[in-house]
Amino acid sequence: MRPSGWQVMAGILMNSIYAMKNYPMVMVNTVLSPLSFLTVITFVSKGQLIGEAIEGGFIMSMFQAGMSLQGDLSHFKNDFKLQDMVVSSPSSPVAYVAGMAIGEVIYSVPALAVLVVLAEIYLNPGLVGALELLAVLLLMFLTSVTLGFTLSTFSSDIIQSFAFSRLISTLFSTLPPVYYPISYVPLPFRYFAYLSPTTYAAEIAQNATGLVQLSSETLATAWIVLGAVSISLLLISIKKARWRDV
Amino acid sequence: MASGLDCDSLTKVYSGSKGRRALDGVSFNLPSKGVFSLIGMNGAGKTTLVRILATQLQPTAGRASIDGLDVMKDAKKLRDRIACVPQEARTAPFMTAKQTVLSYLLWRGVGYREASTKAVEALSMVGLQNQVNELNRKLSGGTRRKVLVATVLSSDADIIFLDEPTTGLDPISRRELWKLLTNLARDRFLILTTHYLEEAEELANAIGILHRGKLVGLGTLDQLRASVRYQYSLMLSPGQEPPPVREGEVTTGGAGQTQILTNETEAQEISKSLLEKGTRFSLSRVSLDDIFFHIVHGGSEEDSQP
């Protein structure tokens with residue numbers, strides 16, 4: 001393996017495997033969070049929205065992975081001074097963030113595994129639908145990771161960082177119509193829902209599995225918005241994120 | 001570009017500091033071998049200087065290089081050669097000692113199997129061979145500090161920054177670490193900051209004294225000693241009457257002991273007269289403590305804790 005591969009592995013080990021191995025209890029939270037909303041929505045809708053709720057669970061898992069990355073990077077940077085140690089080494093910011101980000105996804109694996117099983121039973125998306133769903137989730141992950149990394153480089157303490165993380169997570173993955181169709185949201189509030197990229201991700205996912213039927217224009221708009229947000233955040237994170245302090 | 005460690009008008013002003021210079025035009029050059037120790041009071045600029053040299057912080061003005069590699073322009077090349085344990089670095093409580101060192105080596109691009117072997121070797125070097133698989137949270141504060149030192153020891157970096165490496169260690173562990181650092185400095189360049197002046201005195205080939213962002217002293221212990229007014233120190237036990245001193249400074253400490261700082265000729269004369277009177281005393285060359293207080297506060301000990 002190339003040195004950059006080992007550098008990525010360091011992030012994965014530190015940010016997920018070691019904690020999961022040494023403190024297995026930490027996995028319970030990552031499973032409970034997306035599945036609890038799924039359960040509530042399914043019960044309240046008497047099972048009618050289970051498909052949307054499963055897709056919402058996927059989107060929330062991906063988005064929360066990025067938000068957790070923000071908190072964890074900030075924690076490692078400010079409390080352990082890990083980022084300073086890594087800056088003064090042959091490692092690169094890309095390897096550092098990639099390893100840490102993949103670590104967050106690995107944390108979510110137990111929840112994702114349950115969701116995959118549920119998706120197979122209740123959604124059965126087919127190959128094209130599954131690929132479309134995968135693409136949306138990867139874009140969602142890229143969006144939240146770049147946002148998380150940028151915010152982490154600016155936060156100076158863990159309290160501020162976790163507060164940010166919870167706020168953004170609530171604004172983007174809990175309040176918007178991620179676990180149910182946007183048609184359930186009263187019209188004046190629907191405009192606010194469209195301020196969140198997760199709304200577009202949910203629409204694409206619901207369309208991919210036949211839960212809603214979007215016009216080609218609406219679908220194209222959703223992809224363009226989601227892509228533009230992801231690319232913009234990626235460019236901002238590359239430009240603004242600080243590896244070396246100023 | 002000069003070889004060794006070279007700083008030229010290095011200045012740092014942090015944003016929001018109302019223009020206060022954390023580093024103020026620091027310039028020096030010294031060989032990049034052995035141990036270079038930075039001493040100074042809290043806020044003197046030690047950590048700022050180390051962070052700039054370790055490529056973690058951008059200077060506001062000036063430039064610095066190590067062996068011709070500029071800390072800004074050649075950071076990528078320099079990072080292949082450096083390793084650093086920052087001042088407030090902590091081990092992650094959910095990791096074991098071995099996992100801490102191993103993951104650091106992976107960050108440096110070392111393969112897993114080699115990293116695993118080196119991690120155990122480095123932990124053994126700092127005396128932690130029996131705590132390799134212990135969770136960091138179960139280790140004492142001093143032992144966790146040793147784990148962090150083991151991370152940089154395990155690397156192949158030949159320029160090592162240690163920001164207050166022995167803080168929190170008990171006196172025996174500290175001396176064990178000194179021995180280790182002395183061995184390490186045979187083929188590597190160590191830059192360390194410390195609050196323990198006896199540590200700098202024991203380890204350093206060169207000592208830099210920072211005060212309010214300025215470099216106010218630099219050299220070997222002998223060179224620093226030669227730069228101050230008095231080079232000899234006589235200590236009289238409590239209750240002993242100090243003799244008349246023609247040239248020097250006489251101070252009485254809180255415990256009643258008297259210190260006389262003076263030059264070589266005067267020290268010889270005072271010693272002779274004390275011996276004739278049968279007075280108990282000790283004679284030594286001035287310590288780094290004395291030099292530090294003299295350089296930083298012109299001999300006044302007020303407000304001078306390094």
Side-chain angles (χ1 to χ4, degrees), chain A residues 1-27 29 72-100 102-103 107 153-154 156-158 242-246, chain B residues 12 14-15 47-48 50-60 71-72 75-96 98-100 102-112 114-115 133 135-137 148 151-152 155-157 159-161 163:
Chain A
M1 200 190 288
R2 289 156 62 97
S4 55
W6 295 118
Q7 289 159 3
V8 170
M9 183 186 268
I12 295 171
L13 288 171
M14 278 195 82
N15 205 24
S16 59
I17 305 291
Y18 287 151
M20 290 164 93
K21 188 179 166 193
N22 298 335
Y23 294 167
M25 273 298 287
V26 298
M27 283 185 283
N29 184 43
D72 289 340
L73 284 178
S74 183
H75 186 39
F76 279 121
K77 180 187 177 211
N78 297 314
D79 295 344
F80 300 136
K81 301 290 170 194
L82 175 74
Q83 190 171 317
D84 277 352
M85 290 180 76
V86 178
V87 168
S88 297
S89 82
S91 195
S92 68
V94 173
Y96 182 72
V97 176
M100 291 290 189
I102 294 169
Y107 245 129
T153 61
F154 287 96
S156 56
D157 72 78
I158 195 65
R242 294 187 308 220
W243 186 234
R244 184 193 322 230
D245 285 339
V246 291
Chain B
K12 179 68 192 176
Y14 289 102
S15 61
T47 297
T48 300
V50 162
R51 293 196 72 220
I52 288 172
L53 296 175
T55 73
Q56 295 163 9
L57 181 68
Q58 283 182 26
T60 307
V71 296
M72 292 299 294
K76 199 171 177 336
K77 283 182 188 165
L78 191 55
R79 285 170 179 156
D80 286 338
R81 293 184 55 191
I82 62 175
C84 177
V85 178
Q87 187 185 94
E88 290 169 351
R90 289 200 298 127
T91 54
F94 57 82
M95 288 163 67
T96 66
K98 182 183 172 184
Q99 287 167 349
T100 306
L102 190 153
S103 52
Y104 177 74
L105 286 170
L106 294 176
W107 287 123
R108 297 192 68 89
V110 178
Y112 188 90
E114 188 186 347
N133 294 314
L135 282 174
N136 289 325
R137 72 179 169 86
L148 287 171
T151 59
V152 291
S155 76
D156 57 0
I159 302 163
I160 294 177
F161 297 90
D163 199 353

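We use all heavy atoms of the structure for the numbers below, so side chains are in, but hydrogens, waters and symmetry mates are not. Everything quoted here is computed from the prediction, not taken from an experiment. Order of the sequence lines fixes the chain letters, A, B, ..., with proteins taken first and strands second; residue numbering starts at 1 for each chain.
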Would you name the heavy atoms of [X] and [Y] that are closest together and state the gap between them?
X        : Y       : value
A:Phe80  : B:Pro93 : CZ-CD, 3.5 Å
A:Asp84  : B:Gln56 : O-NE2, 3.2 Å
A:Arg244 : B:Leu57 : CG-N, 3.4 Å
A:Lys21  : B:Gln99 : NZ-NE2, 4.0 Å

Flag the one option from B:Arg51, B:Lys77, B:Lys76 with the top tally of heavy-atom pairs under 4.5 Å to chain A.
B:Arg51
Option in B:Ser103, B:Ala115, B:Ser155 with maximal non-hydrogen atom pairs under 4.5 Å from chain A
B:Ser103
With sequence neighbours excluded, residues passing side chain to side chain donor-acceptor pair (under 3.5 Å) with B:Tyr112:
none
[X] side, atom [atom1]; [Y] side, atom [atom2] - distance, nearest 0.5 Å:
X        : Y        : atom1 : atom2 : value
B:Arg137 : A:Tyr23  : CZ    : OH    : 4.0 Å
A:Met14  : B:Phe94  : CE    : CZ    : 5.5 Å
A:Lys81  : B:Leu148 : NZ    : CG    : 13.0 Å
A:Asp79  : B:Arg90  : CG    : CZ    : 5.5 Å

Pairs of donor and acceptor atoms involving the side chains of residues 78-89 of chain B, under 3.5 Å and at least two apart or interchain, shall be tabulated with distances.
from: B:Arg79; atom 1: NE; to: A:Val87; atom 2: O; distance (Å): 3.0
from: B:Arg79; atom 1: NE; to: B:Thr55; atom 2: OG1; distance (Å): 2.9
from: B:Arg79; atom 1: NH2; to: B:Thr55; atom 2: O; distance (Å): 3.0
from: B:Arg81; atom 1: NE; to: B:Asp158; atom 2: OD1; distance (Å): 3.1
from: B:Arg81; atom 1: NE; to: B:Asp158; atom 2: OD2; distance (Å): 3.4
from: B:Arg81; atom 1: NH1; to: B:Asp67; atom 2: OD2; distance (Å): 3.4
from: B:Arg81; atom 1: NH2; to: B:Asp67; atom 2: OD2; distance (Å): 2.7
from: B:Arg81; atom 1: NH2; to: B:Asp158; atom 2: OD2; distance (Å): 3.0
from: B:Gln87; atom 1: NE2; to: B:Thr47; atom 2: OG1; distance (Å): 3.0
from: B:Gln87; atom 1: NE2; to: B:Glu164; atom 2: OE2; distance (Å): 3.2

Side-chain heavy atoms of A:Tyr18 within contact of B:Leu102, under 4.5 Å
yes
Would you say the side chain of A:Asp245 lies within less than 4.5 Å of the side chain of B:Tyr14, judging by non-hydrogen atoms?
no
Toward chain A, the part of B:Tyr104 with a non-hydrogen atom under 4.5 Å:
side chain
Applying a strict 4.5 Å limit to non-hydrogen atoms, the region of B:Thr151 in contact with chain A is side chain
For A:Met1, is it the side chain, the backbone, both, or neither that has a heavy atom closer than 4.5 Å to a heavy atom of chain B?
neither
Residue part contacting chain B, namely of A:Val86, when any heavy atom lies under 4.5 Å:
side chain
Who among A:Pro3, A:Ser91, A:Ser88 has the most heavy-atom pairs with chain B under 4.5 Å?
A:Ser88
Hey, which of A:Ser89, A:Ala95, A:Gly99, A:Ser92 has the most heavy atom pairs under 4.5 Å with chain B?
A:Ser89
Describe, in one word, how the ring planes of A:Tyr96 and B:Trp107 are oriented to each other, choosing from parallel (under 30°), tilted (30 to 60°) and perpendicular (over 60°).
tilted
